[in-house]
Amino acid sequence: MGSVGLVLGAGGVVGQAYHAGVLAALEHDTGWDPRTADVVVGTSAGSITGTLLRVGVPASELAAWIVQAPLSTEGTVLEQMLGTEIPVFEPFRLLPLLRRLPDPPGRAMVQRALIRPWSFRPLTAAMALLAPGRLDIAERLSMLREVEGHEWPEEDLWICAVRRRDGRRVVFGRVGSPKVPLHLAIAASCAVPGYFAPVRIREHTYVDGGAHSPTNAAILRERQLDLVIVVSPMSGPAGVLTDLYGVSRGHAARVARREVRALREAGSQVVVFRPGRAELAAMGNDFMARDRVAEIVRESFLGAGAYAAGPEVREILQSSGLRRPR
């Protein structure tokens, strides 16, 4: 088998359900175990899913936990970390967040925009500067308390966040990045701007890595992997964008396409899983809605299985050793 990278994008509670369905389908239909990926990149919800894989939770067990099916012995780790129920969050609404006055940019952000304008992303900066949310993510995610004190996994786990001071993306877990506790890296990556309060780690505060990119897939260019599997819950189909949620999904899809193109130019084959119409109908517009998760897992399992069985994707998976020829 060639080298494989796994990218798990942002998407809140419904995004994590989408991850579970897609990964369970890959595990079931191809025999590939997502836990064996050479490197896992996690952003926001993807940082949670990626950590669970790295601590030994099978994709099938994550899907079973979400739909409240019985767990195997391997699933006991999952219950210890997440409990027995999906946590309840306030509804996620885009417009109220965007109406709040942002903080003014500081000197570091202005300097970066002037000195390195080619790498400065105005949208990322605007997201990073949104007025801090009221919710403390550490209080809402029991997993963070369970992970506290745990060392980073030996296998590569890269967790993406955005430094609020200058809007720069930081990839925790990658060589050369700041060394931080695992639970704080996850919290920072999940700190949705305007919804959760930023997470302080030493002298800096951080917000959700999705503010830079919903997947951050292009950071794997340097690894020159044979195959990269991208799971992008926030991507939406091309077409008429009728509301803010459609616009945000369209933006996520465009960013993902650019990053996939960069990976292919670096020599990697890429397979991208994004929600189709049935999955989007199940997901709705509240990224924190837990009452939809069982349906999302079912729809994403079916959709991912059908997509992976298509001739082009099947050929890529077979050539990379992830799928046995039939």
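For clarity, every value in this text was computed on a predicted model and none was experimentally measured.
Remark: of the listed residues T49, L23, I48, T49 is the sole one forming a side chain to side chain contact (heavy atoms under 4.5 Å, CB included) with L62. Checked against T51 for a side chain to side chain contact (heavy atoms under 4.5 Å, CB included), the options V40, V57, I186 give a single hit: I186.
With salt bridges taken as basic N to acidic carboxylate O contacts below 4.0 Å, one links R223 and D156. Classification of R174 and E222 as a salt-bridged pair holds, one side-chain N sitting under 4.0 Å from a carboxylate O.
For H28, the NE2 atom counts as loosely surrounded, since its 6.0 Å shell holds 12 or fewer non-hydrogen atoms of other residues, nucleotides or ligands. In this structure, E155 places its CD atom where more than 12 heavy-atom neighbours from other residues, nucleotides or ligands lie under 6.0 Å away.
In this structure, the side chains of C190 and S47 come closer than 4.5 Å at one or more pairs of heavy atoms. Using a 4.5 Å heavy-atom cutoff, the side chains of Y18 and P275 are in contact. In this structure the side chain of C160 never reaches within 4.5 angstrom of the side chain of H212, judged on heavy atoms. At a threshold of 4.5 Å between non-hydrogen side-chain atoms, the residues L227 and I229 count as touching. I159 has its side chain within reach of L157: a pair of non-hydrogen atoms, C-beta onward, lies under 4.5 Å apart. M288 places a side-chain heavy atom less than 4.5 Å from the side chain of Y195. P178 places a side-chain heavy atom less than 4.5 Å from the side chain of V170. Side chains of I137 and V192 form no contact here, defined as non-hydrogen atoms less than 4.5 Å apart.
Of all heavy-atom pairs between E27 and P58, the closest is OE2-CB, 3.9 Å. Of all heavy-atom pairs between M283 and R249, the closest is CE-NH2, 4.0 Å. Minimum interatomic distance between A289 and V13 (heavy atoms only, all atoms of both residues): O-CG1, 4.0 Å. In this structure, T205 and P198 approach most closely via the heavy-atom pair CB-CB, 4.1 Å. In plain terms, the two heavy atoms of Q16 and A45 that are nearest each other are N-CB, 4.1 Å. Nearest heavy-atom pair, A304 versus A25, reported as atom, atom and distance to 0.1 Å: CB-CB, 3.9 Å.
Side-chain atoms of T36 come within 3.5 Å of backbone atoms of D33 as a donor-acceptor pair (strictly under, hydrogens ignored). The backbone N or O of G167 sits nowhere less than 3.5 Å from a side-chain atom of R165 that would complete a donor-acceptor pair. In this structure, H19 contributes its side chain and G9 its backbone to a donor-acceptor pair below 3.5 Å. With hydrogens and angles ignored, the 3.5 Å screen pairs a side-chain donor or acceptor of S300 with a backbone N or O of I296. Put simply, the side chain of S177 never gets that close to the backbone of F172: no donor and acceptor are under 3.5 Å apart. A donor-acceptor distance shorter than 3.5 angstrom exists from the side chain of R314 to the backbone of A309, with no hydrogens or angles considered. Under a 3.5 Å cut-off, the side chain of R35 and the backbone N or O of G56 do form a donor-acceptor pair. Using modelled atom types, no side-chain atom of W65 and backbone atom of S60 make a donor-acceptor pair closer than 3.5 Å. The backbone N or O of W32 lies less than 3.5 Å from a partner atom in the side chain of T30, making a donor-acceptor pair.
With rounding to the nearest 0.5 angstrom, the CZ atom of R202 is 8.5 Å from the CG atom of L184. The distance from atom CG of D38 to atom CG of L6, rounded to the nearest 0.5 Å, is 10.5 Å. Once rounded to the nearest 0.5 Å, the distance linking CD of E312 with OH of Y307 reads 7.0 Å. Atom CG of D136 and atom CZ of F196 lie 9.0 Å apart (nearest 0.5 Å). Here the CD atom belonging to E295 is positioned 10.5 Å from the CD atom belonging to E279, to the nearest 0.5 angstrom. To the nearest 0.5 Å, atoms CG (N216) and OG1 (T43) are separated by 4.0 Å.
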Would you sort out whether S319 and E315 count as a side-chain contact (heavy atoms from CB on, under 4.5 Å), showing the intermediate values? CA-CA 6 Å; S319 66; E315 174 59 30; 4.2 Å; yes
**Working for side-chain contact (heavy atoms from CB on, under 4.5 Å), residues S268 and Q224** = CA-CA 6 Å; S268 298; Q224 297 183 320; 5.6 Å; no
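By the rule that hydrophobic residues join a cluster once side-chain heavy atoms approach within less than 4.5 Å of another member, V271 and L302 end up as members of separate clusters. F301 and L52 fall into different hydrophobic clusters, where Ile, Leu, Val, Met, Phe, Trp and Tyr residues are linked whenever their side-chain heavy atoms come under 4.5 Å apart, directly or through other members.
Side-chain polar atoms of D226 and S3 form a donor-acceptor pair below 3.5 angstrom.
Every side-chain hydrogen bond (donor to acceptor under 3.5 Å, both in side chains) that T215 has, sequence neighbours left out, goes to E259.
Other residues sharing a hydrophobic cluster with V270 under the 4.5 Å side-chain heavy-atom criterion for ILVMFWY residues are V7, V39, V41, W158, V171, I219, L220, L225, V228, V230, V260, L263, V272.
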